[in-house]
Amino acid sequence: MNSFTFHAPTRFCFGEGVVVQLGESVASCGWHRVLVVYGQGSVVRTGVLDQVARSLDQAGVSALQMGGARPNPEVSFVRAGIEQARAFQADAIVAVGGGSAIDAAKAIAFGVPYEGDVWDFFDKRVPIQAALPLAVVLTIPAAGSEGSSSCVISNDRLGRKVGASSDLIRPRMAFMDPTFTYSLPAYQTAAGVVDMIAHICERYFSGVGPVPVTDRIATGLICTLIEQAPRVLANPQDRDARASIMWAGTLAHNDLAGCGRSLTASGRAGGWESHGLEHEVSAHVPTVAHGAGLAVVMPWWMRYVWRTDPSRFLSFGREVFGIEPVDESDQAVTDAVEAAIDELQAFFVSLGMPRSLVDFGIGEEAIDAFVETLRITKGERFGAFQPLTMDDARAIYRSCFKPFTPPVWEEGEGDQGEAAV
């Protein structure tokens with residue numbers, strides 16, 4: 001286990017009806033004027049925004065609402081939010097929604113006190129030195145942004161999607177009511193589950209060997225998501241399953257699942273290769289849901305790099321799917337690892353996720369554009385498990401256009417025992 005710093009200052013209020021506590025909690029922090037940032041209307045239709053407004057008003061907190069944060073939030077929205085927050089003299093930001101609204105709110109929060117353009121934080125890697133405080137009302141569990149130190153913003157003009165990170169942008173408080181997620185469409189629910197699993201896998205396959213405590217937390221979270229997701233798709237109002245998924249999404253990305261796996265004492269565990277590769281896809285094609293893109297990209301990244309450390313993938317297959325090699329031969333190891341990766345991608349497909357990038361209407365001619373902006377964002381080499389060159393990235397992207405056919409296991413194989421040989 002490597003040295004680490006785990007900082008989790010967010011106060012989580014979890015359960016039905018917790019949004020009524022928002023106003024008093026905000027007021028108790030001394031926040032009097034807040035900019036409320038939300039997405040493209042679902043919180044209006046479901047009445048969540050009205051509940052937020054009522055709670056703030058009853059506590060004597062003035063609020064200015066700003067809607068329109070799209071999936072893969074764009075920097076022009078952030079710039080407009082910064083201007084509105086300044087004009088309103090906001091002393092805090094309240095995000096209502098999922099990762100897109102929260103990430104936009106975070107960027108607004110650190111853009112307000114900055115004298116330059118907010119894109120500097122993403123393009124020039126200007127460090128975040130100040131930010132307005134942030135509260136979150138979560139309605140879409142997926143990104144884990146309600147407890148994380150990061151945000152990701154797109155720039156359509158440049159065809160880029162880049163992240164920024166600082167403990168200064170971890171929300172001070174998050175209000176999480178699983179009943180708010182009952183109305184989520186199946187596709188959005190599934191994409192969120194994939195994103196959660198990817199957050200865990202980026203840390204699990206970090207280039208660091210076994211870390212027993214953290215590894216069991218990580219694989220336990222993945223097993224929970226695999227168990228609970230089909231329940232939610234079968235019954236969208238399964239309260240317990242919704243609650244499990246919502247809380248798993250938070251724990252997947254507040255760095256708990258990476259403790260001891262970082263290569264530096266204070267850095268985030270992992271090289272985030274799958275996220276880096278997928279960000280270029282959804283940057284160039286903003287209609288691609290991030291989790292749906294990961295459902296294609298991450299398994300193909302795994303197939304490309306697993307030979308760097310087969311033991312990590314063998315432990316993953318054993319703990320998550322119960323897959324063991326039939327013996328110690330190279331072929332048995334190969335079969336077991338590939339069976340585990342196939343099981344993971346088959347699970348994604350079973351949730352209704354795409355089988356390849358072709359399903360998004362993207363052609364292989366897009367690979368050049370993906371690689372070009374990936375090089376700008378990541379440099380010539382990036383990653384921790386296996387540092388990737390741009391040629392490696394090109395090969396992985398090319399694989400993502402292959403059709404994937406979920407395996408059909410014989411009795412006693414796959415997630416029930418030994419891998420097929």
Regarding [X] and [Y], does a basic nitrogen lie under 4.0 Å from an acidic carboxylate oxygen?
X    : Y    : value
D392 : R381 : no
D167 : R170 : yes
R303 : D342 : yes
R79  : D117 : yes
D215 : R261 : yes

Can we call the ring centroids of [X] and [Y] under 6.0 Å apart?
X    : Y    : answer
F122 : W119 : yes
W272 : F382 : no
F321 : F347 : no
F360 : F401 : no
F12  : F175 : no

Between [atom1] of [X] and [atom2] of [Y], what distance do you get to the nearest 0.5 Å?
X    : Y    : atom1 : atom2 : answer
E227 : S244 : CD    : OG    : 9.0 Å
F121 : Q129 : CZ    : CD    : 8.0 Å
M196 : L225 : CE    : CG    : 6.0 Å
Q65  : Y38  : CD    : OH    : 5.5 Å
K106 : S165 : NZ    : OG    : 8.0 Å
L138 : F14  : CG    : CZ    : 9.0 Å

Does any N or O in the side chain of [X] come within less than 3.5 Å of the main-chain N or O of [Y], such that one atom is a donor and the other an acceptor?
X    : Y    : result
S100 : A69  : no
D103 : V152 : yes
S282 : V285 : no
Y187 : A292 : no
S55  : V52  : no
N72  : V288 : yes
D255 : G258 : no
R203 : A252 : yes
R355 : F404 : yes
E202 : S274 : yes

Any non-hydrogen side-chain atom of [X] less than 4.5 Å from a side-chain atom of [Y]?
X    : Y    : answer
I245 : V193 : yes
Y204 : T219 : yes
F77  : M66  : yes
R172 : P9   : no
L22  : V20  : no
N2   : S262 : no
K161 : E278 : yes
F348 : P299 : yes

For [X] and [Y], test the side chains for any donor-to-acceptor distance below 3.5 angstrom and give the result as yes or no.
X    : Y    : value
T179 : E16  : no
S76  : E74  : yes
T377 : R160 : yes
S329 : D327 : yes

How close do [X] and [Y] get, heavy atom to heavy atom, and via which atoms?
X    : Y    : result
A332 : V326 : CB-CG2, 3.9 Å
M353 : A295 : CB-CB, 3.8 Å
F316 : I222 : CE1-CD1, 3.8 Å
C223 : V320 : SG-CA, 3.8 Å
T139 : L184 : O-CD1, 4.0 Å
A143 : D195 : CA-OD2, 3.6 Å

List the steps and the verdict of salt bridge (charged side-chain N to carboxylate O under 4.0 Å, His left out) for R394 and D368.
CA-CA 8 Å; R394 189 180 298 276; D368 287 344; 2.6 Å; yes

Can you spot which of T224, V232, I226 makes a side-chain contact (heavy atoms from CB on, under 4.5 Å) with Q228?
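One option only clears the test, and that one is T224.
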
Quick one: do L35 and V94 satisfy side chain to side chain contact (heavy atoms under 4.5 Å, CB included)? Show the steps, please.
CA-CA 6 Å; L35 177 69; V94 174; over 6 Å; no

Plane angle bin for H290 and H199 - parallel if under 30°, tilted between 30 and 60°, otherwise perpendicular
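Plane angle between 30° and 60°, so tilted.
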
Taking the six-membered ring for Trp, are H284 and F370 parallel (under 30°), tilted (30 to 60°) or perpendicular (over 60°)?
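The rings of H284 and F370 sit tilted, inter-plane angle from 30° to 60°.
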
Evaluate the criterion side chain to side chain contact (heavy atoms under 4.5 Å, CB included) for residue pair D359 and S356; output intermediate values, then yes/no.
CA-CA 6 Å; D359 293 347; S356 79; 4.2 Å; yes

Side chain to side chain contact (heavy atoms under 4.5 Å, CB included) against Q51, all qualifying residues, sequence neighbours excluded:
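V19, R54, F180.
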
Can you sort out the partners of L233 under side chain to side chain contact (heavy atoms under 4.5 Å, CB included), two or more places apart, ordered by chain and number?
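Partners of L233 by the side chain to side chain contact (heavy atoms under 4.5 Å, CB included) criterion, ordered by chain and then number, come out as A186, T189, L351.
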
Does atom [atom1] ([X]) have a neighbourhood of more than 12 heavy atoms from anything else shown, all under 6.0 Å?
X    : atom1 : result
R239 : CZ    : yes
E364 : CD    : yes
Q21  : CD    : yes
D330 : CG    : no

Please test S311 against D309 for side-chain hydrogen bond (donor to acceptor under 3.5 Å, both in side chains), starting from the C-alpha separation and ending with a verdict.
CA-CA 5 Å; S311 65; D309 185 359; 2.5 Å; yes

Could you please spell out the steps behind the side chain to side chain contact (heavy atoms under 4.5 Å, CB included) verdict for Y114 and V126?
CA-CA 10 Å; Y114 180 62; V126 171; 4.0 Å; yes

